[in-house]
Amino acid sequence: MEHQHGKPRADDWFTAYPQFYIGKLKVRQEQLFVSDPELAMLLDNVAAVLSEHAAVLADDIADMECDD
């Protein structure tokens with residue numbers, strides 16, 4: 001999403017950037033599933049927590065931008 005002036009909004013950064021790394025964690029988790037299932041599950045849990053936090057941060061930022 002872009003702001004009316006063509007500048008990316010802060011909440012766009014907080015959703016797109018973490019999702020890139022969460023995707024990388026998911027790929028690595030799938031690769032490790034056969035060789036190290038415990039580590040694969042740990043990475044899956046980390047990705048889930050990061051996704052939740054990124055969504056909360058994006059919502060908080062959107063709320064702050066609406067208040068301006």
Side-chain angles (χ1 to χ4, degrees):
M1 287 183 216
E2 295 209 348
H3 195 280
Q4 62 185 344
H5 301 289
K7 181 179 175 185
R9 292 174 17 168
D11 60 332
D12 295 336
W13 184 90
F14 278 103
T15 55
Y17 191 72
Q19 290 303 322
F20 171 77
Y21 286 102
I22 291 165
K24 290 179 84 62
L25 280 174
K26 287 290 202 178
V27 168
R28 187 67 179 141
Q29 182 258 343
E30 290 172 9
Q31 294 169 342
L32 287 170
F33 193 72
V34 174
S35 64
D36 194 344
E38 280 187 41
L39 183 56
M41 290 301 295
L42 177 62
L43 288 177
D44 191 48
N45 292 338
V46 168
V49 169
L50 289 175
S51 291
E52 287 179 29
H53 285 289
V56 169
L57 284 173
D59 288 345
D60 290 347
I61 290 169
D63 289 344
M64 286 188 284
E65 286 180 345
C66 288
D67 292 342
D68 288 342

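Residue L25 shares its hydrophobic cluster (ILVMFWY side chains chained together at separations under 4.5 Å) with I22, L32, L39, L42, L43, V46, L50. When hydrophobic residues (I, L, V, M, F, W, Y) are linked wherever their side-chain heavy atoms come within less than 4.5 Å, F33 remains an isolated member.
Contacts classified as salt bridge (charged side-chain N to carboxylate O under 4.0 Å, His left out) and involving residues 17-44 (residues at least two apart or in different chains) are given here: K26-D44.
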